[in-house]
S.K.: 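Once you've had a glance at the structure underneath, I'll fire off some questions.
Not measured: the values here are computed from a predicted model. In the text below, chain A, chain B and the rest are named by the order of the sequence lines, each starting its count at 1.
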Protein chains: 2
Amino acid sequence: MSRKPPTMADIAKAIGVSPMTVSRAFKSDSSVSQETREAILRAAEDLGYVFDSTAANLRSQKTDFVAVTIPSINNANFAETVRQLSDGLSRRGLQILLGYTNYDILEEERLVEQLLRRKPQAIVVTGGRHTPRARKLLSNAGIPVVETWDLPEQPIGHVVGFSNTLAIGEMVRHFADAGYRRIAFIGGDADNDTRGTERRAGFVAAMQAAGLDASRLIACGAPPIGMREGAVAMAHLLQSLPDTEAAICVSDLSAFGALTECQRRGIRVPQDMALGGFGNYDIGAICVPTLTTINAFAGDIGAKTAELIGDVLEGRFEPGLPQTIRFTPVLIGRESSR
Amino acid sequence: MSRKPPTMADIAKAIGVSPMTVSRAFKSDSSVSQETREAILRAAEDLGYVFDSTAANLRSQKTDFVAVTIPSINNANFAETVRQLSDGLSRRGLQILLGYTNYDILEEERLVEQLLRRKPQAIVVTGGRHTPRARKLLSNAGIPVVETWDLPEQPIGHVVGFSNTLAIGEMVRHFADAGYRRIAFIGGDADNDTRGTERRAGFVAAMQAAGLDASRLIACGAPPIGMREGAVAMAHLLQSLPDTEAAICVSDLSAFGALTECQRRGIRVPQDMALGGFGNYDIGAICVPTLTTINAFAGDIGAKTAELIGDVLEGRFEPGLPQTIRFTPVLIGRESSR
DNA sequence: AATCATCATGTTATCGTTACCAGCCCCACT
DNA sequence: AGTGGGGCTGGTAACGATAACATGATGATT
């Protein structure tokens, strides 16, 4: 029963052809006569043959893997990026090899090394901050590298991202234009949360540019920052700076958490406290009141990255000429800031 | 510059040892003298050597991959299962190879076939419904198979799951005991949503067992069923069956959507309409009012599956003796059903 | 002193597929 | 009839690591 699984050679023997012909029969473009191919595929099915990619990968020096690292899978934004990336790549015959860094660049380094051993055709990392060793590994890997979700100052290779700083600036202006003055920022205090700290820095810069006090900063600690952290932060805010008129949160999740805290305390949103989020999560479009947010195009980042990788691998670009694709975050004004 | 990457043979030559010794130097348990190993590792670093798993995989017939299929990555429940699974496996030196079926068993079949070509050491699938061909592929793969999130009547191999039917029965009883009589069910009408339909069937059975009318069934269509679908369904429910006292939703997401619709219409929850969800999502614990739900132990399913796979692969079980690990879903009573 | 286990290393063959290079047959054109 | 090209097939070697077995040196044991 449990003999070892059949190989192409077994099929070849059964049909009376060479293994080479069997190999060809499995590739759609190669030249094999119709009847031979059918006989081979039938025999393969009969024998319960399963193609062995590991051997093919070794011989052809192609794995059709694309390595991807994200901070966390439990985040709708990153998940959406991965989904679109995965869809786009699978359409091109590529398969994702996914790893989580847990928002830790040391973990990222380990992960990158581990993933590179699998000989992916390209690698996508989230963010532009890496350990020196990770940078070196990526640079020397000899495959296309794409950094996403940020616009690194010194990109390793390609980039598909947007400016978190600018995006938050947009949000600050939105509130300032609406007449809010005492505006707080929630989150972005942990230095392993690069996007969060960028947003916080962007908040401070934009507030100062608008001539407003930028000192209302509420800490949430290390990522992931979810709804609960947002609620806790709002409680702090209401206690420490009760005259605050508006709070800009590091993400829609924390904004929603902040909203629930207001609801529990009978604080009306937006009349007593206006709220802004980030990321255009589903929840912000449906909760009551709906949340003003920033669409950072998480899905499009994934889709565009897939397209870019396809183009590069199929030689549609000058090789060695890194591309930077920049998305412009768009503010979505909703009920929480009217 | 772009010569081809160094191999173990190159390191061997540089150090003056055999390739075999180099190979051994990279495995922690093998016997290589301290100094030789150090010299090898140093040379490897100098040359920018990256271990080639594809070759090792072929020769040793071990990939250290575990294939996993889930319906969707954009679902906090499945994501949590995958996270714990991934953590547990990586602790054992195994790496996940993930694929999404989009709630489609035909897509699952394609995916399973594709994943098996990569020669994983084990495969985890979500749910117990598969195409005949997929069943055959899984059975003949010669590796441990784990079905999760359900309790299939005819398991292919191992199972780590719970009874959706029983879980919803629990929920129905909770509402019935609290005095609710006109109870509706939202979702679970699409037949590619196996867990959803099971929950709906469980609802009908439990309602009948309680002597209650089980005909208040609101359709949501095909999965994924999110917040928006829940809101739409609640609108339908309020229009078609306005005297309904309580609604049990196929998940916390749809329950939250239903809640928002109530809020927009000024319908008090739970006074005018009680709500129940499923899955113990973060949102249900924090929204106002908090949602009564069922903890299905999504994370534990992943953790336990990782443990099971570890045990099986390391021969800690009678081989060929499939295990079934059954979780008992627990009702969490919250504000939405007081 | 002889024997044997242990350690560190080397040699050889192989995992299953495919790149590369031929070779054959048949038909279409000169 | 001769030449050429395209379609189909086969033989051989190789991808880069390691399993399996073998070897020499060292030290422990009797």
Side-chain angles (χ1 to χ4, degrees), chain A residues 3-41 43-44 47-65 93 114 116-121 141-142, chain B residues 3-41 43-44 47-65 93 114 116-121 141-142:
Chain A
R3 312 187 295 293
K4 70 176 153 119
T7 70
M8 285 191 178
D10 296 320
I11 299 177
K13 221 169 299 172
I15 303 284
V17 295
S18 79
M20 199 56 236
T21 302
V22 177
S23 172
R24 282 193 266 253
F26 283 99
K27 319 238 114 196
S28 49
D29 57 338
S30 56
S31 67
V32 181
S33 75
Q34 187 63 21
E35 49 185 348
T36 312
R37 167 170 281 136
E38 274 165 16
I40 288 172
L41 295 182
L47 295 175
Y49 172 74
V50 178
F51 184 92
D52 187 335
S53 295
T54 62
N57 292 344
L58 175 59
R59 174 65 246 227
S60 64
Q61 299 289 66
K62 273 185 55 196
T63 58
D64 292 342
F65 275 136
Q114 193 206 116
L116 288 178
R117 295 169 164 221
R118 302 279 188 184
K119 305 293 167 184
Q121 315 274 203
Chain B
R3 310 188 295 293
K4 69 175 151 107
T7 69
M8 284 191 178
D10 296 321
I11 299 177
K13 222 168 299 171
I15 302 286
V17 295
S18 78
M20 196 61 232
T21 302
V22 177
S23 171
R24 282 192 266 251
F26 282 97
K27 320 237 116 196
S28 49
D29 55 340
S30 57
S31 68
V32 182
S33 75
Q34 188 63 21
E35 49 184 348
T36 312
R37 166 170 281 136
E38 274 165 15
I40 289 173
L41 295 182
L47 295 175
Y49 172 74
V50 178
F51 185 92
D52 187 336
S53 294
T54 62
N57 291 344
L58 176 59
R59 173 67 246 230
S60 63
Q61 300 289 68
K62 273 187 56 197
T63 58
D64 292 341
F65 274 137
Q114 192 206 115
L116 289 178
R117 293 170 165 221
R118 303 277 188 185
K119 305 293 168 186
Q121 317 274 199

S.K.: Any non-hydrogen side-chain atom of B:F26 less than 4.5 Å from a side-chain atom of B:R37?
M.R.: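 A side-chain contact is absent here, since even the closest heavy-atom pair is not under 4.5 Å.
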S.K.: Take A:F51 and B:S33, find for each the nucleotide of DNA chain C with the closest heavy atom, and name the residue whose nucleotide sits nearer the 5' end.
M.R.: B:S33
S.K.: Check whether A:F51 forms a cation-pi arrangement with B:R118 (NZ or CZ under 6.0 Å from the six-membered ring centre, at most 45° off the ring normal).
M.R.: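 Cation-pi check for B:R118 and A:F51: fails.
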S.K.: Whole angstroms only, please: what is the CD1-C1' distance between A:I15 and D:dG10?
M.R.: 16 Å
S.K.: Quick check: closest heavy atoms across A:A55 and B:L58, and the distance to 0.1 Å?
M.R.: CB-CD1, 3.7 Å
S.K.: Is there a donor on the side chain of B:R59 or the base of D:dT18 sitting less than 3.5 Å from an acceptor on the other?
M.R.: yes
S.K.: Any side-chain N or O of A:T7 below 4.0 angstrom from OP1/OP2 of C:dG16?
M.R.: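 No.
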S.K.: Side-chain contact test, heavy atoms from C-beta onward, threshold under 4.5 Å: evaluate it for A:L116 versus A:Q114 and give yes or no.
M.R.: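 Not in contact.
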S.K.: Between B:T36 and C:dT9, is there a contact of a side-chain N or O with OP1 or OP2 at under 4.0 Å?
M.R.: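 True: B:T36 side-chain N/O within range (under 4.0 Å) of C:dT9 OP1/OP2.
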S.K.: Tell me which nucleotide among C:dT9, D:dG10, C:dG16 gets nearest to the side chain of A:T21.
M.R.: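 The answer is D:dG10, which lies nearest to the side chain.
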S.K.: What is the distance, to the nearest angstrom, from the NZ atom on B:K62 to the P atom on D:dG16?
M.R.: 22 Å
S.K.: Is a side-chain donor or acceptor of A:S60 paired with a backbone partner of A:A56 at a separation under 3.5 angstrom?
M.R.: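 Answer holds: yes.
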S.K.: Counting distance only, does the side-chain N/O of B:Q121 pair as donor-acceptor with the main-chain N or O of B:F65 below 3.5 Å?
M.R.: no
S.K.: How would you label the contact of A:V22 with the nucleic acid (heavy atoms, under 4.0 Å): base, sugar-phosphate, or nothing?
M.R.: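 Counting heavy atoms under 4.0 Å across all strands, no contact is made by A:V22.
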S.K.: Whole-Å distance between D:dG10 P and A:R24 CZ?
M.R.: 8 Å
S.K.: Atom CG of B:D52 to atom C1' of C:dC15: distance rounded to whole Å?
M.R.: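 So the two atoms are 14 Å apart, to the nearest Å.
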S.K.: Could you check which of D:dC8, D:dG16, D:dG10 has an atom nearest any side-chain atom of A:S31?
M.R.: D:dC8
S.K.: Using five base pairs at each end to define the local axes, how bent is the helix from C:dA1-D:dT30 to C:dT30-D:dA1, to the nearest 10°?
M.R.: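 The end axes of the helix from C:dA1-D:dT30 to C:dT30-D:dA1 are about 40° apart, to the nearest 10°.
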S.K.: What's the NZ-P distance between B:K13 and D:dA17, to the nearest Å?
M.R.: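 After rounding, the gap between these two atoms is 12 Å.
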S.K.: Using whole Å, report how far CE of A:M20 lies from P of C:dC20.
M.R.: 11 Å
S.K.: Looking only at side-chain atoms of B:S23, point me to the closest of D:dT18, C:dT18, C:dC15.
M.R.: D:dT18
S.K.: State, yes or no, whether a side-chain contact exists between B:V22 and B:I15 at a heavy-atom distance under 4.5 Å.
M.R.: no
S.K.: Given C:dT17, is OP1 or OP2 found less than 4.0 Å from the side-chain N or O atoms of A:Y49?
M.R.: yes
S.K.: Which nucleotide in the set D:dC15, C:dT17, D:dT9 lies at the smallest distance from any side-chain heavy atom of A:L58?
M.R.: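 My answer, after comparing the listed nucleotides, is D:dC15.
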S.K.: Any side-chain heavy-atom pair from B:D52 and A:K119 closer than 4.5 angstrom?
M.R.: yes
S.K.: Rounded to the nearest Å, what distance is computed from the CG atom of residue B:N57 to the C1' atom of nucleotide C:dT14?
M.R.: 15 Å
S.K.: Can you figure out which of D:dA17, C:dC15, C:dT17 approaches the side chain of A:A55 most closely?
M.R.: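 Selected nucleotide: C:dT17.
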S.K.: Can you tell me if B:Q61 touches the phosphate of C:dT14, counting only side-chain N or O atoms and a distance under 4.0 Å to OP1 or OP2?
M.R.: no
S.K.: Using atom NZ of B:K27 as one end and atom C1' of D:dA17 as the other, report the distance to the nearest whole Å.
M.R.: 9 Å
